[in-house]
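First up is the structure itself, then whatever we jot down about it.
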Amino acid sequence: MSDPEPPSRCVFLTDGTGTIQAWNDACVALFGVPAGQILGRPITTLFTPAGRDVWSAGWSAVAGHAEGAELHVDLHCANGRVLEGTLTLAPQFDGDGKPHGCAVAVATGRERGGTEADRVARTPLSAIVDMFPGTFYAINRDGRFVLWNHNLERVTELSPDELGATRALDLIDMGERATVSAAIDQIFATGDEARLEVDYVSRSGRDIPMVLCGTRVRCDGGEYLLGMGVDITERRAREQQLRLRERALHAASNGIVITRLDSGQSVIEYVNPAFERITGYPAAEIMGTDPRFMAAPGMDLGERAQLREAIAARVGAKVVLRNLRKNGEVFWNELSITPVQDDHSTVTHYIGVITDVTATMLRTAHLEHEVNHDALTGLANRNLLWDRLEQALHLAQRHKSLVATVLIDLDSFKAINDTFGHEAGDVVLKVVARRLQASVRDSDTVARMSGDEFVLILANQPSLRFTLRMVDRLRQSFAIPVAFNNREIPVGASVGVSLYPHDGNTAAELVRAADLAMYHGKGSGHNDVHFFSADMKSTTEARHRIELALRDALDNDELFLLYQPRVTVNGNRVAGFEALLRWRHPDQGVLPPARFLAEAEESGVIVPIGQRVLDHACAFAAKLRAAGFEDVPVTINVSHREYCQPGFLACLADRLTRHRLPPHSLQLDLRIDGLIRNPTLGRELADQLHTLGVGLSVDGFGAGLCDLGYLQQLAASQVKLASGTIQALMNGGQAVAKSLIDIGHNLNMAVVAEAVETRPQLEFLESHGCDQFQGTWFSGPLAAEAAQRMLEEQLPA
């Protein structure tokens with residue numbers, strides 16, 4: 001029931017701030033508050049909290065309007081009652097037309113009561129719309145705003161007047177207006193609820209992504225669309241980041257798998273295309289499975305245990321292991337797993353990144369095999385030999401057992417190459433390698449030490465008798481010839497054996513002892529086996545003494561050069577000199593190279609000796625140029641061990657610069673058998689000598705097998721007929737010598753005969769076009785002064 005209105009109209013006055021200035025008796029009766037207690041207090045004192053919000057929202061909008069307005073609020077009245085109230089606001093103006101207050105007439109309605117829900121339900125919509133966290137709006141059928149909250153003004157950057165004159169579609173991005181218009185029409189037509197994601201366009205042109213929802217509401221006989229909007233800028237940014245990350249995952253070249261921890265198991269939730277490509281499994285086929293199904297059985301058990309331990313401890317791990325592709329192929333993959341925590345710091349997922357490293361692992365294994373194995377035979381090479389021998393000695397020390405080191409050198413292997421060709425020689429080496437491996441245990445090692453030299457490590461020998469039986473089996477493996485192109489090639493070998501701990505305590509000592517034993521038996525017959533003995537040490541000591549003496553000879557300047565003239569066949573004019581080494585030994589007198597060069601080559605002293613020879617020869621060539629003999633080159637013999645040294649050509653160029661010599665003042669004399677030992681090195685050396693401008697002379701032509709195609713590739717300036725070819729001239733060897741001279745000329749090389757000692761030899765060479773010769777028939781080796789005098793004597797008077 002509604003209370004009757006008071007007998008007189010309730011009216012009071014406020015100033016421009018809403019402070020009560022006048023209060024009539026009807027107000028005293030209605031509110032139960034005398035004028036003395038209310039004057040000077042804000043009008044909001046009369047309202048409930050909801051009414052205060054209505055007053056705050058409406059006062060600023062109506063106080064400045066001359067026509068006034070009405071507000072509907074709940075009033076705190078006398079006796080604690082709350083009545084519905086209608087406030088009629090009449091703005092007051094001064095003489096200048098400026099507002100200075102408001103007259104408020106109060107009309108009351110029924111008393112507020114009922115449940116709390118009823119009271120909340122009676123709260124006016126206009127009183128709560130500004131409390132909404134997003135935008136609120138009411139749109140009529142013309143699409144214009146009839147009600148909105150402050151958030152809509154903030155988002156659109158429009159004033160209330162501007163919003164009142166704006167159609168809803170005007171706020172929407174141009175490309176989305178048709179969709180929004182259709183949705184509005186559908187809502188008014190059917191009353192269905194609609195939800196759209198659109199972009200608002202603010203006054204400044206800024207796009208604000210919003211989620212809009214709305215539905216049709218009937219009010220006072222009219223229909224309106226009431227809706228709300230939520231700014232989703234942050235959500236849109238997060239979604240963009242997620243899409244970017246997802247594209248990155250899809251584009252990654254590494255396989256990526258995300259698993260969920262479920263009751264101690266890892267369950268696949270996501271794999272990227274790279275994972276599908278690497279493993280061969282499509283994503284749909286493996287979703288919800290444990291990725292361990294790809295494990296290669298029995299392989300990399302330690303790495304898999306490491307992964308299990310990491311997952312149990314909820315930490316990351318990185319391993320390299322083998323898995324199976326869908327087609328059953330084994331592949332190597334580098335797997336890195338990283339735990340992912342939820343908001344409560346609990347590990348719920350793991351991210352795994354796999355990289356297919358199969359090619360790298362295979363290449364590494366191949367490189368390791370190449371580094372440690374011989375390319376031709378597949379046996380262990382020198383590097384692996386030393387490592388295996390050290391391991392065998394370590395085990396022998398622990399188990400108090402024997403280790404036998406067996407060194408095998410094939411007999412007459414050079415003759416096999418010369419007679420049957422290098423292809424046959426390679427076949428022999430391969431067959432010998434297979435036979436040696438078949439003669440020993442898996443725990444033993446067979447290695448190729450050098451060209452035709454093999455070393456065997458017979459580890460953990462229980463007794464000398466056991467070793468003798470194994471060595472005898474090795475010896476017997478050489479009794480069978482090697483078949484090649486329907487021919488049988490006999491193979492013999494000299495075998496030397498040393499035993500740990502009797503013959504040495506280190507790997508080097510044992511190999512050296514076996515080497516001494518093998519050389520001790522060289523020449524005594526095929527397939528002989530010689531065990532090292534103390535008597536053989538004298539040979540080692542003699543070689544060591546020669547090595548020390550040669551080093552002393554370098555320090556004491558006991559080495560010197562003689563120069564043998566190289567003479568034109570027609571005219572007997574000196575065309576150059578060959579530098580020949582001599583040793584002025586303090587006890588034995590002058591020694592020829594045959595007495596010491598082999599030991600110098602074996603010990604490596606040949607390298608510093610060669611540098612000394614180069615210095616002396618360059619000094620002699622410089623003296624000849626100073627004397628006016630500029631086209632008389634000096635030839636230097638260089639061994640294979642010398643030009644194999646790093647920096648050999650740099651040293652040669654340095655000596656030329658130091659002595660101010662043009663490159664053509666020198667010529668290097670290299671033996672053909674040494675060049676063929678390493679054809680690639682020989683070609684590279686020849687090319688570099690041509691680039692430098694130093695002449696190349698190939699020695700030993702005709703002494704053995706020679707690849708003429710390879711000789712042509714060297715493009716030497718001259719070839720030297722071997723001394724044996726010259727000595728055989730008077731014993732039926734003329735045809736060979738003539739053929740060799742013709743071949744040299746056909747290869748555009750000058751032909752030089754060495755060791756010419758008789759007139760018939762010279763006459764034959766002259767009659768068959770040999771270009772130059774050297775030997776005692778013309779002159780033996782000369783001292784530098786005598787060689788220069790010879791040149792001066794052949795000058796025209």
Side-chain angles (χ1 to χ4, degrees), residues 244-262 264-341 347-384 387-388 391 442 445:
L244 178 61
R245 291 170 184 171
E246 185 174 1
R247 286 196 296 269
L249 291 177
H250 274 63
S253 59
N254 293 333
I256 298 174
V257 55
I258 299 177
T259 61
R260 182 184 74 256
L261 295 180
D262 187 2
Q265 300 294 317
S266 295
V267 178
I268 296 176
E269 286 193 346
Y270 168 84
V271 296
N272 71 342
F275 182 95
E276 297 178 284
R277 173 178 51 78
I278 292 172
T279 65
Y281 287 98
E285 184 176 332
I286 59 176
M287 283 298 136
T289 64
D290 190 311
R292 288 179 293 183
F293 77 90
M294 293 188 298
M299 294 183 180
D300 310 310
L301 300 181
E303 286 75 7
R304 299 189 191 283
Q306 183 180 343
L307 288 176
R308 288 195 300 272
E309 292 170 0
I311 293 174
R314 300 301 191 257
V315 296
K318 186 175 183 179
V319 296
V320 176
L321 43 70
R322 282 162 287 187
N323 281 334
L324 295 177
R325 305 190 205 272
K326 185 177 181 180
N327 61 8
E329 177 186 346
V330 176
F331 72 101
W332 284 93
N333 67 280
E334 181 181 82
L335 171 62
S336 173
I337 62 171
T338 304
V340 180
Q341 298 178 342
V347 175
T348 59
H349 292 76
Y350 265 89
I351 295 179
V353 179
I354 68 171
T355 304
D356 189 344
V357 294
T358 304
T360 301
M361 297 296 289
L362 294 178
R363 184 165 57 251
T364 300
H366 177 69
L367 291 175
E368 288 179 354
H369 188 275
E370 284 191 336
V371 168
N372 294 310
H373 291 80
D374 174 58
L376 178 64
T377 62
L379 299 178
N381 63 8
R382 185 184 297 265
N383 294 332
L384 190 55
D387 183 65
R388 294 279 180 82
Q391 292 181 29
D442 291 341
T445 297

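All values reported here derive from a predicted model rather than from experimental measurement.
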Val353 side chain near Leu335 side chain, heavy-atom distance below 4.5 Å: no
Under a 4.5 Å cut-off applied to non-hydrogen side-chain atoms, are Pro282 and Lys326 in contact? yes
At their closest point, which heavy atom of Ser266 faces which heavy atom of Pro291, and how far apart are they? O-CD, 3.5 Å
Can you tell me how far CD of Glu334 sits from CG of Asp356, rounded to the nearest 0.5 angstrom? 11.0 Å
To the nearest 0.5 angstrom, please state how far the CD1 atom of Ile268 sits from the OG1 atom of Thr289. 3.5 Å
For Met287 and Val271, the nearest pair of non-hydrogen atoms, with its separation, is CE-N, 3.7 Å
Listed once per pair and sorted, the ring-ring contact (aromatic ring centres under 6.0 Å, His included) pairs that draw on residues 289-339, sequence neighbours left out: Tyr281-Phe293
Please check: side-chain N/O of Asn272 versus main-chain N/O of Phe275, any donor-acceptor pairing under 3.5 Å? yes
What one should report as the nearest heavy-atom pair of Leu307 and Ala317 is CD2-CB, 4.2 Å
Has Asp374 got a side-chain atom pairing as donor or acceptor with Thr377's backbone, closer than 3.5 angstrom? yes
Sequence neighbours left out, what pairs pass ring-ring contact (aromatic ring centres under 6.0 Å, His included) with at least one residue falling in residues 296-323? none
Would you mind telling me which of Glu329, Arg322, Arg325 makes a side chain to side chain contact (heavy atoms under 4.5 Å, CB included) with Thr358? Arg325
Measure the OG1-CG distance between Thr279 and Asn327 for me, rounded to the nearest 0.5 Å. 10.0 Å
Between Gln265 and Arg292, does a side-chain contact (heavy atoms from CB on, under 4.5 Å) hold up when you go through it step by step? CA-CA 10 Å; Gln265 300 294 317; Arg292 288 179 293 183; 2.9 Å; yes
Considering the options Asn333, Ile354, Asn323, which one meets the side chain to side chain contact (heavy atoms under 4.5 Å, CB included) requirement together with Met294? Asn323
With rounding to the nearest 0.5 angstrom, report the CG to CG distance, Leu301 to Leu321. 10.5 Å
In this structure, OG1 of Thr259 is separated from CG of Asp290 (nearest 0.5 Å) by 8.0 Å
Could you tell me the separation between the OG1 atom of Thr355 and the CG atom of Asn254, rounded to the nearest 0.5 Å? 3.5 Å
For a quick test of reading the model, state the closest non-hydrogen atom pair linking Ala380 to Thr445 and the distance between them. CB-CG2, 4.1 Å
Here the pair of heavy atoms bringing Lys318 nearest to Gln306 is O-NE2, 3.9 Å
Please examine the side chains of Thr348 and Leu261, heavy atoms only from C-beta on, and report whether any two atoms are closer than 4.5 Å. no
Would you confirm whether Glu269, through its side chain, and Ile258, through its main-chain N or O, come within 3.5 Å as a donor-acceptor pair? no
Sequence-distant partners of Glu309, side-chain contact (heavy atoms from CB on, under 4.5 Å), two or more places apart: none
Residues Pro297 and Leu324: closest non-hydrogen pair is CD-CD1, 3.9 Å
